Amino acid sequence: MKLTKYIALAIIGTSSLFSCTDYLDTNPTDQISGNVIFTDVNGGMIAMNGVYRLMYSSGWAGDNSTHTFGYMSTMLVADFMGDDNIVSSSIKGWFSMDYNLQERNFYSSMLYRPYSEWNFYYTIISNLNYILSHEKSLTGLPGEKDNLFGQAYSLRALCYFYLIQLYQQTYIGHENSPGVPVYTEPTTSSTEGKPRGTVANVYRQINEDIEKGIGLLKQAEEQGISQIHKSHIDYYAANGIKARIALVQNRWQDAANAANIARQKTDLGLADASELVSGFNDLDMTSVLWGTEIQKTDQNGAYASFFCHMDANAGMHASYDRKCISAWLYKQMGIQDIRRNNWWKGNIAPALEQTQGPQKSYCTTKFRFSEYSSYLGDNIYMRAEEMLLIEAEALCRLKNYDQARTLMKDFGSIREKNYVKNRLDKVTDSNEMTLDIYGTVSTPEIKTLLDEILLQRRIELWGETGRIFDVLRLKAGYTRDYEGSNHIVKLSDNTKIPDYKGFILTLPQSEFDGNVNMDPVADQNPL
């Protein structure tokens, strides 16, 4: 299993540094002194903080890493592969090949997406496995140990969850399809690579990990050990991860319960109108469950960052490679919806458009650096609004319509004056998805409560959670070639196929080169 290896180094402070070596075997135990870092739970937490730092580090695709900056770049990849987010410089811009569904063609190179996503998640898993291997041996208070290992199990679940979605079709209907290799023990230079196994096997490990993580974090909470910083996964964020997982598996009651628990965190609430237009750059936002604070001393490369690619005002990549909302999705918002003109530009006359900056039709202004001089902006991984929308969808699927409507009223009334009258009262109590899923007409009739929930999810989480993951789980497919489309690349009608091969990545050739249990022909995704 050949991957670029990041090595954990113990340092004083709240984070660890990771240094890059050239194409070592995945092998944390060969590279660091276990008896130095893992003497006690405090040393283990230093290593865990280092893993969190990896989540916003770049370097996952060698010299081509400006668009590979960890977790947030995964969310953008998955958004651009869908139908709601447009890369305007589709020929030469960063993320252009994700938008064109072309990255999967370059599986033999370590400079492109098949390798970078694989490298990123398996590197984190490798480090987490090393931490978890000390579960029985570390000294420290029981609550502190529960907190540490609860975070590690939960994050490992998240890593496998995104790996299996990136490299295989959705869970339902593909349980017996090839999965991704599962490692739960530390690897060394002599470790034999694992086979792909099945999707069901991967989800079995994901579910085991997140349940173990939630249980340990709950025990920690009961012993008075709570979240030190929002960059750490706590009991509530772990339930948020479980809610995401359960949603993909159509475990509606589990999804509703977990999302509800996530929203019960003390001092957590829905963002108010002023916060919704503040740039999504601050962990102190009322609705943030989990994210990463970026400090001046910890700015990890301004050009390899989320806001560099999304803030058209910054004079960086996004200023000329503008990211735009689909005209179809924009038109589904009510005139009084505060997101309509605060998160995006509307339709601008061609004569008034500019070649750089946000003055372009449908360009996003949703995400902004918090400080331009230092290129600062926190990375938000999970918000209460996402949990509310998961809970509402799950309740609707279970035909608990009154509860789902109450949640949507709370959500929608912050965003649109007269939301209930203008939208919610006009849909029927039904868990059928009847919305024109291909967006082939400009003004589809939104008939059901489920239609409204899913539409609001698309609008609210634009740029945050990866649209292609919903396309996969809903088995909806899409088209960019609708009436009045502003998509630069329309793609073929193959995207209307729910299980289209272009919606998932190919496996990197480097994995086949280093894994005797993986065949480059039989185990590769369809090319």
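In this text the structure is predicted, and so the values were computed from the model without any measurement.
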Distance-only side-chain donor-acceptor flag, Y115 / S109, under 3.5 Å: no
Charged N-O contact under 4.0 Å between R340 and E416: no
Distance-only side-chain donor-acceptor flag, Q151 / Y52, under 3.5 Å: yes
Parallel, tilted or perpendicular: rings of H317 and Y320 (30°, 60°): perpendicular
S361 side chain near K345 side chain, heavy-atom distance below 4.5 Å: no
Short side-chain donor-acceptor distance under 3.5 Å, D84 and Y330: no
Min side-chain heavy-atom separation E371-I294 under 4.5 Å: no
N313 backbone acceptor or donor facing R368 side chain under 3.5 Å: no
Nearest heavy-atom neighbours spanning E391 and A256: CG-O, 3.9 Å
N/O donor-acceptor pair under 3.5 Å between N525 side chain and K501 backbone: no
Under 3.5 Å donor-acceptor, T465 side chain and W462 backbone: no
E464 with K366: basic N within carboxylate O range, under 4.0 Å: yes
Nearest non-hydrogen partners of R104 and I504, listed with the distance: NE-O, 2.9 Å
Lys/Arg-Asp/Glu bridge criterion (N-O < 4.0 Å) met for E460, R339: yes
Side-chain donor-acceptor pair present, H174, Q168, cut-off under 3.5 Å: no
L283 versus I380, closest heavy-atom pair with distance: CD2-CG1, 4.3 Å
Sub-4.5 Å side-chain heavy-atom contact between D234 and I228: no
T355 backbone acceptor or donor facing R322 side chain under 3.5 Å: yes
Check: D311 side chain, F307 main-chain N or O, donor-acceptor pair, under 3.5 Å: no
Qualifying residues under side-chain contact (heavy atoms from CB on, under 4.5 Å), relative to I488, sequence neighbours excluded: I86, S90, Y99
Validation row, ring centre F503 to ring centre Y478 under 6.0 Å: yes
No-hydrogen, no-angle side-chain donor-acceptor test under 3.5 Å, Q524 and T506: no
Side-chain donor or acceptor of N486 paired with backbone N/O of I325 under 3.5 Å: yes
side-chain contact (heavy atoms from CB on, under 4.5 Å) assessment of D378 paired with K230: CA-CA 11 Å; D378 297 341; K230 282 187 178 180; over 6 Å; no
ring-ring contact (aromatic ring centres under 6.0 Å, His included) involving Y121 - partner list, sequence neighbours excluded: none
Working for salt bridge (Lys or Arg N to Asp or Glu O under 4.0 Å), residues E385 and R415: CA-CA 12 Å; E385 287 83 0; R415 286 150 181 78; 3.8 Å; yes
N49 vs H232, side-chain contact (heavy atoms from CB on, under 4.5 Å): CA-CA, chis, key distance, verdict: CA-CA 8 Å; N49 283 328; H232 292 179; 2.7 Å; yes
Minimum heavy-atom distance S413-V420, with the two atoms named: OG-CG2, 4.3 Å
Pair T448-E432, side-chain donor/acceptor within less than 3.5 Å: no
Test item: side-chain donor near acceptor, S287 and E275, under 3.5 Å: no
Test of ring centre spacing under 6.0 Å for F469 and Y162: yes
side-chain contact (heavy atoms from CB on, under 4.5 Å) assessment of M382 paired with I241: CA-CA 9 Å; M382 185 180 292; I241 294 171; 4.0 Å; yes
Derivation of the side-chain contact (heavy atoms from CB on, under 4.5 Å) call for T292 and R53: CA-CA 8 Å; T292 290; R53 189 175 188 274; over 6 Å; no
D321 to W94 - nearest heavy-atom pair and separation: OD2-O, 3.4 Å
Between S231 and H229: side-chain donor-acceptor atoms closer than 3.5 Å: yes
Residue from V199, V248, N250, L472 passing side-chain contact (heavy atoms from CB on, under 4.5 Å) with I172: N250
Result of checking D451, D470, D83, D79 against R458 for salt bridge (Lys or Arg N to Asp or Glu O under 4.0 Å): D83
CE on M285 to CG on L270, rounded to 0.5 Å: 10.0 Å
Heavy-atom donor-acceptor pair, S116 side chain to W60 backbone, under 3.5 Å: no
Residues E117 and T74: side-chain donor-acceptor under 3.5 angstrom: yes
Y107-W118 aromatic ring centre distance below 6.0 Å: no
Closest non-hydrogen atom pair between I206 and A157, with its separation: O-CB, 3.6 Å
Validation row: I453, Q456 side chains within 4.5 angstrom (heavy atoms): no
Donor on one side chain, acceptor on other, D272 and S274, under 3.5 Å: yes
I210 side chain reached by F161 side chain, heavy atoms, under 4.5 Å: no
K417, NZ: over 12 other non-hydrogen atoms inside 6.0 angstrom: no
Test item: side-chain donor near acceptor, N119 and T123, under 3.5 Å: yes
Donor-acceptor under 3.5 Å (Y167 side chain, P114 main chain): yes
R423/D425 ion pair, N-O < 4.0 Å: no
Heavy-atom side-chain contact between L389 and R383 under 4.5 Å: no
Side-chain heavy-atom pair S57, F69 within 4.5 angstrom cut-off: no
Donor-acceptor contact below 3.5 Å, side chain Q169 vs main chain D499: yes
